[in-house]
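Quick caveat: nothing in here was measured; it's all calculated off a predicted structure.
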Amino acid sequence: MITPYDPPLWTALGMTLHGDLDIEGAAELRRRLPVLLARHRPLHVNLDLAHVRFLDCSGARTLKWLDRCMRDSGGTLTIVRPSPRVLRLLRVLEFDRRLRISQEDRRDDVPPESWRTIRLSSLRVVRDPSLN
């Protein structure tokens with residue numbers, strides 16, 4: 001008998017981004033996120049940006065796109081712990097009026113097994129070693 005793999009449904013998915021969310025990083029994220037979202041179908045996504053060194057307008061638009069994707073599916077996106085540079089640009093663009101932004105560590109909101117680390121430029125998703 002063959003049983004198809006059905007990944008667990010998580011109500012929340014946490015992702016930690018590392019690297020630059022510039023035109024290349026944004027394109028990479030737009031390619032990768034639909035796969036993760038389709039696989040796990042979370043209602044809430046916490047996107048930790050503490051390790052994002054640089055954010056440009058294409059990266060900011062990608063955050064807005066992800067927020068819209070989550071809202072369209074009945075879910076929410078929370079930007080977690082944005083670095084000072086990232087937060088500054090989000091405020092200049094007035095994205096902080098539309099996006100949910102939290103300066104607090106929100107790991108307790110998400111089951112540990114659902115946290116993913118995405119290193120922009122390496123195209124690999126790895127478990128966050130700090131969770132062990």
Side-chain angles (χ1 to χ4, degrees):
M1 174 164 56
I2 298 175
T3 305
Y5 173 69
D6 190 19
L9 292 177
W10 292 326
T11 58
L13 177 65
M15 290 181 278
T16 302
L17 296 186
H18 288 261
D20 296 337
L21 196 47
D22 54 8
I23 194 164
E24 292 176 12
E28 180 180 338
L29 198 57
R30 280 181 181 250
R31 282 192 310 268
R32 307 213 49 225
L33 281 177
V35 174
L36 282 172
L37 296 177
R39 181 180 300 150
H40 300 295
R41 300 178 295 251
L43 293 175
H44 310 286
V45 169
N46 285 349
L47 190 62
D48 189 331
L49 301 183
H51 304 286
V52 173
R53 300 176 304 238
F54 178 77
L55 175 77
D56 69 5
C57 290
S58 59
R61 281 193 306 272
T62 297
L63 297 178
K64 201 170 177 181
W65 166 79
L66 177 57
D67 180 63
R68 189 175 59 249
C69 289
M70 291 305 299
R71 288 175 190 264
D72 289 350
S73 66
T76 60
L77 168 69
T78 302
I79 304 297
V80 179
R81 299 182 319 146
S83 65
R85 287 181 174 178
V86 169
L87 184 59
R88 182 174 182 271
L89 181 61
L90 293 176
R91 286 183 174 156
V92 166
L93 296 172
E94 297 185 352
F95 280 22
D96 59 332
R97 294 182 183 193
R98 167 84 174 159
L99 299 175
R100 293 175 56 181
I101 300 174
S102 173
Q103 294 290 5
E104 300 172 15
D105 188 348
R106 305 286 300 256
R107 289 194 182 267
D108 293 340
D109 296 350
V110 179
E113 66 275 5
S114 71
W115 271 98
R116 297 291 181 261
T117 299
I118 299 175
R119 297 187 190 286
L120 298 172
S121 76
S122 68
L123 293 175
R124 292 182 307 127
V125 177
V126 296
R127 285 271 292 133
D128 190 336
S130 67
L131 295 175
N132 295 333

Quick one: closest heavy-atom pair of Ser102 and Pro82, and the distance? O-CD, 3.8 Å
How long is the span from the CG atom in Leu33 to the SG atom in Cys69, to the nearest 0.5 Å? 8.5 Å
Using every non-hydrogen atom in the two residues, find where Ser58 and Ala26 come nearest and quote the distance to one decimal. O-CB, 3.7 Å
Pairing residues for Arg30 by the side chain to side chain donor-acceptor pair (under 3.5 Å) criterion, not counting sequence neighbours: Thr62
Count the heavy atoms of every other residue, nucleotide or ligand shown that sit under 6.0 Å from CD of Gln103, and state whether that count exceeds 12. yes
Would Leu49 and Leu55 satisfy side-chain contact (heavy atoms from CB on, under 4.5 Å), going step by step from the backbone distance to the final call? CA-CA 10 Å; Leu49 301 183; Leu55 175 77; 6.0 Å; no
Quick one: do Phe54 and Leu63 end up in the same hydrophobic cluster if we chain Ile, Leu, Val, Met, Phe, Trp and Tyr together by side-chain heavy atoms under 4.5 Å apart? no
Summary of salt bridge (Lys or Arg N to Asp or Glu O under 4.0 Å) pairs that have at least one residue in residues 53-65, sequence neighbours excluded: Asp20-Arg53
Closest non-hydrogen atom pair, Pro34 against Leu29: CD-O, 4.2 Å
How close do Val52 and Ser83 get, heavy atom to heavy atom, and via which atoms? O-OG, 3.0 Å
So, taking the atom named CG in Leu36 and the one named CG in Leu13, what distance separates them when rounded to the nearest 0.5 Å? 6.0 Å
Shared hydrophobic cluster, Ile23 / Leu93 (ILVMFWY, side-chain heavy atoms < 4.5 Å): no
In chain order, what residues pass the side chain to side chain donor-acceptor pair (under 3.5 Å) check against Arg85, with sequence neighbours excluded? none
Tell me, please, which residues at least two apart from Leu77 pass side chain to side chain contact (heavy atoms under 4.5 Å, CB included). Val45, Leu47, Leu66, Asp67, Met70, Ile79
Could you pull out all residues at least two apart from Thr76 that satisfy side chain to side chain contact (heavy atoms under 4.5 Å, CB included)? His44, Arg100
Heavy-atom closest contact (Phe95 atom, Ala60 atom, distance): CE2-O, 3.2 Å
Does Arg68 have any salt bridge (charged side-chain N to carboxylate O under 4.0 Å, His left out) partners at least two apart in sequence or in another chain, and if so, which? none
So, taking the atom named CD in Glu28 and the one named CG in Leu21, what distance separates them when rounded to the nearest 0.5 Å? 10.0 Å
Nearest heavy-atom contact between Gly25 and Asp22 is N-OD1, 2.9 Å
